[in-house]
> 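Quick one: structure below, then a few questions.
For ligands, and for the atoms within them, numbers begin at 1 and follow the listed sequence. Numbering starts at 1 and runs along the sequence shown. What you see is a predicted model; the values in this text were computed from it and never measured.
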Amino acid sequence: MTQATAIMPSQRQLLYDRMAGKLEVAAHLNRKVVSFQANKEEPVYRWFKYKEGFSSVLVRHFLEEYGIRPGRLLDPFAGAGTTLFAGQELGWESWGIELLPVGAFVMQAREAVSGMDVERFRNLVNQLWSDLAVLKSDENHIRHIPITKDAFPEDTEELLNRYMSWCARIEDEKIRTLFRFAAFSVLEEISFTRKDGQYLRWDYRSARSLNGKPFDKGRILTFEEALKAKLQQITKDLAPEQILSLFDDTEPAQKTATFQPINIIQGSCLEELPKLEANYFDFIVTSPPYCNRYDYTRTYALELVFLGHDSDDVRNLRQAMLSCTVENKEKTEQLLQFYTSIGQADAFEKVIGVYEQSGAMREVNAVLDLLNQQEKLNNSNIPRMVKNYFLEMCFVIYEMARITKSGGYCVMVNDNVRYGGEEIPVDLILSEFAEHFGFDIVKILVLPKGKGNSSQQMGNYGRTEIRKCVYLWQKK
Ligand SMILES: C[S@@+](CC[C@H](N)C(=O)[O-])C[C@H]1O[C@@H](n2cnc3c(N)ncnc32)[C@H](O)[C@@H]1O
């Protein structure tokens, strides 16, 4: 038995034993509902495949079950805005914070639809191809960065540039946004790349010199094919009956005709949450990045370039994101300065105290450090990433508790992770932080998988399936 396994299970097992009664297999929540999959067939939600998103069904489920009547709703990791739009449809005043310009642009495009001149949009769709046939591109709109260079076939990129010149001439801002969004939504399909979590995967046909086993992404659509299909989908979803069903006040029961604009804050929730008023929100439905090395800035590099971001922007964004890649550096000093600058140095100390007090957290950090010394982790920065992930989440949870009204709820979707064979009970550690800041842990819903989670499968480290959970916390 290694030293690691000898010290390991105790603190986490203690925490597990204390919280085991809160774990509940959620037969009604399947993987489809908790992931983006269920949005694929939903008008408007299906326009942009934000794979990291959850479904509007999930948001509606919790709001309808626990939100007695619509109030104020927040998602501090808003992504493409599933929480905000699902809440808006049910009459909630919806707020979202999102750092990545990709999600912010998707939300902006969706917002552009309300009050847009749909007839004018349709007319332009019909006129587009004849205009493009005679238009000369006046500019190179796509300015590649090293990680996106050669991502498109030459003729695709040429037509994409011409299309963007065409878009730039549209005077109506809402219509222009929606046309730009249509091209933005097909970038992966028309490129030699495939989104793959940590990096973009490159097809063997690209001009890049590639190592390893050749990757064939299958048929690569031309820009014309992909854009036509996307515009058709958007036009269909903008049909009067679809718009009506989005805005009507009959189905489901809580839907209301008072359709409030959504509030999007673009920035890091680590700095934006502290600026929000205490006891302001009735409900939070959110899903932070998971502690799984997923790199949003590389995965969405094409979209970031399309939106005009250069290499420095992308690098800065990567650092500002909640730590979930091995490249993220510690933000503690930055957070100290920030909290001090807003006169909240005490809050900073309180959060650090709660983090340091967690026995399970200390155990995880110690075990990962040990595994690192023994060279048993496949990247030596994993311990730093894990430590900072939890530390930053501790700040987020402190703030979420502060701004939630008494009796209000927080629903959080997150996955546990495992490194060097060691399970990290993200659900339990984050719930422990939440308890310290004034949340009651109502339950931790564990998604059924395979044959289902028996209580045996839910406990005991090392031999278990990694839990994928939805936490339900209520502010005292
Ligand atoms: C799991 S996704 C959320 C998806 C969202 N639930 C949806 O349905 O679209 C996590 C999001 O957190 C964002 N994010 C990461 N770090 C952030 C930060 N410091 N502040 C705000 N958003 C951040 C990521 O860009 C990503 O969009």
> Can a non-hydrogen atom of Cys324 be found less than 4.0 Å from any atom of ligand 1?
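Heavy atoms of Cys324 never come under 4.0 Å of ligand 1.
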
> Considering the heavy atoms of Ala320, write down every atom of ligand 1 situated less than 4.0 Å from one of them.
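Answer for ligand 1: 19 (N).
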
> Quick one: side-chain contact (heavy atoms from CB on, under 4.5 Å) partners of Asn378, sequence neighbours excluded?
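Listed in chain order: Arg293, Ile382.
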
> Return the residue, atom name and 0.1 Å-rounded distance of the protein heavy atom closest to atom 19 (N) of ligand 1.
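The protein heavy atom lying closest is Ser268 OG, 3.0 Å.
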
> Could you list the atoms of ligand 1 found under 4.0 angstrom from a heavy atom of Thr82?
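The list of qualifying atoms is 7 (C), 8 (O), 9 (O).
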
> What protein heavy atom sits nearest atom 22 (N) of ligand 1, and how far away is it?
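Here the closest protein heavy atom is Leu99 N, 3.4 Å.
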
> Is it the case that Asp75 and Thr83 place a side-chain donor and acceptor less than 3.5 Å from each other?
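Looking only at side-chain atoms, Thr83 and Asp75 do form a donor-acceptor pair, the distance falling under 3.5 Å.
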
> Using the side-chain contact (heavy atoms from CB on, under 4.5 Å) criterion, which residues pair with Ser287? Sequence neighbours excluded.
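If we apply the side-chain contact (heavy atoms from CB on, under 4.5 Å) test to Ser287, skipping adjacent residues, the hits are Phe54, Tyr290, Val413.
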
> Just say parallel, tilted or perpendicular for the rings of Phe184 and Phe105, cut-offs at 30° and 60°.
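Perpendicular.
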
> Among all protein heavy atoms in this structure, tell me which lies nearest to atom 5 (C) of ligand 1, with the distance rounded to 0.1 Å.
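Here the nearest protein heavy atom works out to Ala78 O, 3.6 Å.
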
> Side chain, backbone, both or neither: which part of Phe77 comes within less than 4.0 Å of ligand 1 when only heavy atoms are counted?
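The answer is both.
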
> Within the 4.0 Å heavy-atom shell around Glu52, which atoms of ligand 1 are there?
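It comes down to these atoms of ligand 1: 1 (C), 2 (S), 4 (C).
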
> Please write down residue, atom name and distance for the protein heavy atom closest to atom 16 (N) of ligand 1.
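Answer for atom 16 (N) of ligand 1: Leu322 N, 3.0 Å.
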
> Cut-off 3.5 Å, side chains only: do Arg60 and Ser56 have a donor facing an acceptor?
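Looking only at side-chain atoms, Ser56 and Arg60 do form a donor-acceptor pair, the distance falling under 3.5 Å.
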
> Provide, to 0.1 Å, the distance between atom 27 (O) of ligand 1 and the closest protein heavy atom, together with that atom's residue and name.
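Scanning the protein heavy atoms, the shortest distance from atom 27 (O) of ligand 1 goes to Tyr50 OH, 2.5 Å.
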
> Does the ring centre of Tyr339 sit less than 6.0 Å away from the ring centre of Phe395?
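Judged by ring-centre distance (under 6.0 Å), Phe395 and Tyr339 do meet the cut-off.
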
> Keeping the roles fixed (side chain from Lys195, backbone from Thr299), state whether a donor-acceptor pair exists under 3.5 Å.
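Yes, the answer is positive, given that a donor and an acceptor are paired below the 3.5 Å cut-off.
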
> If we ignore angles and hydrogens, is there a donor and acceptor under 3.5 Å between the side chains of Gln88 and Ser94?
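The criterion, which ignores hydrogens and geometry beyond distance, is not satisfied for Ser94 and Gln88.
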
> Out of Glu98, Lys331, Glu272, Gln266, whose heavy atom is nearest to atom 11 (C) of ligand 1?
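Minimum heavy-atom distance to atom 11 (C) of ligand 1 goes to Glu98.
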
> Taking 4.0 angstrom as the limit and counting only heavy atoms of Ser287, give me the atoms of ligand 1 inside it, by number and element.
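By the 4.0 Å cutoff, the relevant atoms are 1 (C), 2 (S), 3 (C), 10 (C).
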
> With heavy-atom distances below 4.0 Å as the criterion, list the atoms of ligand 1 near Tyr296.
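Within the 4.0 Å cut-off of Tyr296, ligand 1 contributes 1 (C), 2 (S), 10 (C), 26 (C).
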
> Would you tell me which option among Ser56, Cys269, Ser323, Gly96 has the nearest heavy-atom contact to atom 18 (C) of ligand 1?
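It is Cys269 that holds the nearest heavy atom.
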
> Do Glu327 and Thr325 have a side chain donor and acceptor closer than 3.5 Å?
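On atom types as modelled, these side chains do not qualify, holding no pair under 3.5 Å.
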
> Below 3.5 angstrom, do we get any N/O pair linking Phe54 and ligand 1?
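The answer is yes, given that Phe54 and ligand 1 share an N or O pair closer than 3.5 Å.
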
> Compute the ring centroids of Tyr300 and Tyr50, then answer whether they are less than 6.0 Å apart.
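Yes, the ring of Tyr300 comes within the 6.0 Å limit of the ring of Tyr50, centre to centre.
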
> Should Ile97 be counted as touching ligand 1, given the test is an N or O pair under 3.5 Å?
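Ile97 vs ligand 1: no N/O contact under 3.5 Å.
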
> Looking at Phe181, is Arg110 sitting on its ring face, NZ or CZ under 6.0 Å from the six-membered ring centre and within 45 degrees of the normal?
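Arg110 over Phe181 ring: no.
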
> Give the numbers and elements of all ligand 1 atoms closer than 4.0 Å to a heavy atom of Gly267.
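The atoms of ligand 1 under 4.0 Å from a heavy atom of Gly267 are 20 (N), 21 (C).
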
> Side chains of Gln233 and Lys236 only: does a donor on one sit below 3.5 Å from an acceptor on the other?
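Judged by distance alone, the side chains do not pair up.
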
> Below the 3.5 angstrom mark, is there an N/O of Ala80, backbone or side chain, next to an N/O of ligand 1?
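Among all N and O atoms of Ala80, at least one is under 3.5 Å from an N or O of ligand 1.
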
> For Pro76 and ligand 1, answer yes if some heavy atom of the residue is under 4.0 Å from a ligand atom, otherwise no.
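Under 4.0 Å: yes for Pro76.
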
